[in-house]
Structures are given as C-alpha cells and as structure tokens.
2 protein chains.
Amino acid sequence: MMVVILIVNSVSGDGAAMGHSQTDKAKSRQRILGVASERLRGEGLEGPGVAEIMQAAGLTHGGFYKHFGSRDELVAESLAATFDEQAAATREALATSDDPLGAFAARYTAAEHCAHPEQGCAVAALASEVARTDGPVRATYTERIAAYIQEVDALLATAGVEAGDDGARREEAVARYAMLVGGLILARAVDDPALREELLATVGERAAQR
Amino acid sequence: MMVVILIVNSVSGDGAAMGHSQTDKAKSRQRILGVASERLRGEGLEGPGVAEIMQAAGLTHGGFYKHFGSRDELVAESLAATFDEQAAATREALATSDDPLGAFAARYTAAEHCAHPEQGCAVAALASEVARTDGPVRATYTERIAAYIQEVDALLATAGVEAGDDGARREEAVARYAMLVGGLILARAVDDPALREELLATVGERAAQR
DNA sequence: TCGATAGGATGATGGTCGTCATCCTCATTG
DNA sequence: CAATGAGGATGACGACCATCATCCTATCGA
C-alpha cells in the first residue's frame with residue numbers, strides 16, 4: 001500500500017498572516033519589543049521564553065533570530081525602550097498638573113500601579129534581579145535610576161524647595177525616590193491588603209509633601 | 001560471548017562519606033538549608049538548582065527528596081529559617097548599642113551588606129521576585145515585613161519619638177523602612193560606585209535621624 | 001517580469017532542571 | 001547478631017529552553 005500525503009498550501013484564513021515587507025518587519029519588531037516589555041516586567045528577567053514572546057506577538061519562535069541576535073539582546077533593547085516610553089508617559093501626565101510632585105507620587109503609589117507591575121515602573125519590577133546581572137541591562141538601569149532621581153529633584157525644585165549649599169534638595173530627592181521604590185516593592189511583596197495599602201499611602205503622602 | 005562487569009565496592013577515600021545516623025541526617029538537613037539560604041539570596045528564587053544546592057552541601061542530588069518533598073518546600077523552609085537567624089543576629093548586634101536606631105540603619109546600609117546580598121536581608125534580596133509568587137513564601141514575607149516595620153517603630157520609640165494620636169510614629173516607621181529597603185535595592189542595582197554610595201549614605205543617615 | 005533577498009514557519013539539537021526509581025550501605029532495634 | 005529501615009548515590013525520564021538549519025514564500029530591485 002502506498003500512502004500519499006498531500007499538504008495543501010493552506011493560507012490559514014484565521015490568523016493575520018504576517019507580511020514580508022520591510023514595514024511588516026518593523027511592525028513585528030515593535031510587537032516583539034512590546035510583548036517582551038510586558039512579560040519581562042510581569043514574569044521577571046528570566047520569566048518569558050523566546051517561544052512565549054513570539055507567540056504572544058503572533059509569530060512562531062523560529063523567526064526570532066531574524067530580529068534579535070539573542071534573547072539577551074532583546075531583553076536589553078526592550079527594557080531600554082520601556083524606560084523611554086515610561087519617561088514620555090510620565091512627562092505627559094505631569095505636564096498639566098499644578099502639583100507635579102504630588103501627581104508623580106500619587107501615580108507611583110497608585111493601587112493600579114501596584115497591581116500591574118507588567119505595565120508599571122521597570123525599576124520596581126526588576127531591580128533586585130538586575131542587581132545580579134552585568135552588562136547593558138545594568139548599565140541602562142544605572143542611567144535611568146540616576147535620571148529618576150534628577151526628575152524628583154526637579155519636581156522638588158518646582159515645589160519651591162531650595163537646592164541648598166549642602167545639597168539638601170538632592171538628598172531629599174534621593175531619599176524620596178528610594179522610599180517610593182521601596183514602598184512599591186514592599187507593597188507588591190505583601191499578601192495582606194491592609195498592609196499593602198498602608199505602605200502605598202504612607203509612602204505616597206510623604207513623597208508628595210512640600 | 002558473555003560480559004561480566006564487576007563493580008568493586010570502592011569506598012572512595014577522598015570525600016567525607018556522609019553518615020547514616022539520625023544526627024547525620026539532621027546535620028545534612030541543616031547544611032542543605034544553609035546552602036539554600038545563601039544561594040537563594042545570591043542567585044534568586046529560581047537561581048540554584050537542586051543538584052547545585054546538594055553538591056554545595058557535600059551531597060548528591062538524588063538524596064534530596066529524603067529531606068524535602070519538593071524544591072518549593074525547601075525554598076519556603078529555608079527562607080523562613082533565614083529570617084529567624086537574621087532577626088536573632090540583629091537583636092544581638094543592637095543589644096549593646098546606646099543608639100540602636102542608628103546602629104540598625106548603619107548595619108542595613110553598610111557597604112558590606114550591599115556587596116553581599118547572599119548573606120544579607122532576604123527582603124531586599126528577593127522582594128520583587130516574591131511579589132510574583134503565591135503560597136507560603138509570600139505569606140512568610142508578609143509576616144516578616146510587618147515585623148520589620150514594628151521593629152523600626154520600636155527603635156523610634158527608644159529614640160524618644162512619641163507614638164502620637166494620629167499614628168505619626170508608625171508612619172515614620174513605615175516610611176523609614178521602605179526607604180532603607182528601596183535604597184539598598186537601588187544601590188545594588190546600580191553600576192556606578194559613586195551613585196551607590198550616595199544612595200546608601202543618604203538613606204542611612206535619614207533613617208538614623210532622631 | 002524574473003531572480004535575489006530575506007521574513008517567517010517547521011523541526012531538530014543540545015543543554016538544564018525537577019523528580020523519581022533503584023540500589024547499596026550503614027544505623028538501629030529486637 | 002541478624003533483620004529492618006532509611007540515608008545517600010547513581011542514573012534515567014520528561015519537560016522546557018535557547019539556538020540554529022532548513023525550507024517556503026512574498027517582497028523588491030533590476
């Protein structure tokens with residue numbers, strides 16, 4: 001007996017078959033970066049596998065290396081892009097506020113932010129894991145943490161705090177930023193809603209104080 | 001043809017062959033817990049494999065399940081034990097100090113502590129990963145974070161801070177603890193020694209203030 | 001319009017890891 | 001002192017993962 005297997009060239013009508021044009025590739029790349037950004041923050045630096053990320057981006061795992069040289073490369077690019085997006089979103093959100101410092105603190109300590117690390121601050125989501133790495137990711141974090149501190153310093157300035165010869169405002173900025181990040185991380189680690197809300201509220205109020 | 005394989009009973013003279021007595025088992029268990037404690041803090045919740053931990057404890061991977069039902073069980077027990085040890089060590093270190101609050105803050109923000117997460121505070125080392133788990137580890141963290149905050153509150157009390165009708169001292173304790181944890185995590189994430197030291201120094205001084 | 005280039009899919013490979021079955025050896029108990 | 005129970009070692013299994021070879025096919029330049 002002879003068995004003939006015919007594989008008909010089904011252009012699977014269900015999925016939006018990925019195109020092959022340059023703009024399609026750029027879109028694919030952006031989707032991969034976006035998915036990676038969320039998954040990394042939500043599941044950790046080593047959480048999502050290449051296959052999972054590609055599937056969530058509507059692709060299969062094999063094509064990954066047409067876009068990135070390695071998983072590490074994707075992680076580095078994705079987190080750098082995440083910081084850029086978040087900085088832009090923050091700037092936009094604070095632009096219209098008459099109390100930018102308070103708005104910043106409220107945003108950061110919002111219950112929504114606490115409940116959704118995959119869409120929130122990449123520092124709070126991944127800091128303790130980044131501390132164990134070396135290379136571009138850690139370097140990016142160093143830059144962005146420094147930038148965050150300067151941002152808080154600027155917000156304190158707009159709130160009327162004098163710089164001070166002894167760098168008092170800079171100290172204040174460092175302390176408030178550390179408190180915000182620590183408070184958010186602790187609130188997320190904690191099981192008890194009451195303690196979580198206490199952490200967020202306390203830290204948020206104190207960071208907003210003028 | 002017949003092949004006969006003779007396996008001579010070599011009692012490998014090199015290694016300190018583990019005993020089989022009950023006290024030996026207890027010692028093995030303690031070694032496993034101790035190794036796991038360091039590796040988990042140093043490499044993350046999912047860092048060290050069972051085989052790595054057992055080897056570092058002077059054993060082979062197979063015997064692991066004579067001690068623990070699963071890797072998760074080891075993780076939970078190990079971290080609970082770690083908190084106990086650290087609480088005892090802290091209590092001892094602060095007992096003789098005439099400025100317990102300052103000593104606590106100095107200990108926590110010491111360069112030594114920052115450089116060796118594998119021997120330091122399990123909260124700072126693993127908080128952002130614990131936030132992604134559920135079950136006993138997260139429950140333990142919740143308890144211990146609450147205890148840490150109460151500890152800081154007690155230290156503030158010995159420093160002469162009044163409780164206040166509005167819970168001002170409790171707020172102060174929450175804020176200072178969040179700042180300490182956040183500062184340490186950020187200092188570890190950061191690549192630049194100057195920024196790292198600034199974070200530790202600023203946060204340490206402010207947490208010690210009376 | 002045709003051929004080269006490259007995006008995407010499929011499948012394989014080598015490595016790692018948690019878990020467990022099995023066996024050997026010793027401590028323990030009667 | 002013999003028999004039983006258990007600690008520990010060896011090896012294997014299945015799952016998962018990053019990476020890459022290969023093929024198909026659509027785009028794009030000539």
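Side chains included, hydrogens not; waters and symmetry mates left out as well; all remaining heavy atoms used. Proteins get letters first, then strands, A, B, ... in listed order; numbering begins at 1 in each.
For residues 115-128 of chain A, the set of pairs meeting the salt bridge (charged side-chain N to carboxylate O under 4.0 Å, His left out) definition, not counting sequence neighbours, is empty. The list of side-chain hydrogen bond (donor to acceptor under 3.5 Å, both in side chains) pairs with a residue in residues 39-53 of chain A, not counting sequence neighbours, reads Ser37(A)-Arg41(A), Arg39(A)-Glu52(A). Every pair passing side-chain hydrogen bond (donor to acceptor under 3.5 Å, both in side chains) that includes a residue from residues 175-190 of chain B is listed here, sequence neighbours excluded: Glu172(B)-Arg176(B).
Between Arg31(B) atom CZ and dG7(D) atom P the separation is 14 Å, expressed in whole Å. As rounded to whole Å, 17 Å separates atom C1' of dT19(C) from atom CD of Glu52(B). Straight-line distance from the CD atom of Glu43(B) to the P atom of dT16(C): 15 Å, rounded to whole Å. At whole-Å resolution of the value, CE in Met54(B) and C1' in dC17(C) are 15 Å apart. A straight line from CZ of Arg29(A) to C1' of dA6(C) spans 15 Å, rounded to a whole angstrom. Rounded to an integer number of Å, the gap from Ile53(A) CD1 to dC16(D) C1' is 15 Å. Going from atom CG of Leu59(B) over to atom C1' of dA6(D) covers 14 Å, rounded to whole Å. Per the geometry, CG belonging to Leu45(B) stands 13 Å off P belonging to dG18(C), to the nearest Å.
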What pairs of nitrogen or oxygen atoms, one from the protein and one from nucleotides 19-22 of chain D, lie under 3.5 Å apart?
from, atom 1, to, atom 2, distance (Å)
dT19(D), OP2, Tyr65(A), OH, 2.5
dT19(D), OP2, Arg71(A), N, 3.0
dT19(D), O5', Tyr65(A), OH, 3.0

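The side chain of Ser28(A) places an N or O atom within less than 4.0 Å of a non-bridging phosphate oxygen (OP1 or OP2) of dG8(C).
Partners of Ala175(A) according to the side chain to side chain contact (heavy atoms under 4.5 Å, CB included) rule, which considers only residues two or more places apart in sequence or in another chain, are Met179(B), Thr202(B), Arg206(B). Listed by chain and residue number, Glu198(B) satisfy the salt bridge (Lys or Arg N to Asp or Glu O under 4.0 Å) test with Arg170(A) (two or more places apart in sequence, or in another chain).
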Verify salt bridge (Lys or Arg N to Asp or Glu O under 4.0 Å) between Arg138(A) and Glu129(A), making sure each step is shown before the conclusion.
-> CA-CA 10 Å; Arg138(A) 186 129 177 260; Glu129(A) 283 167 87; over 6 Å; no
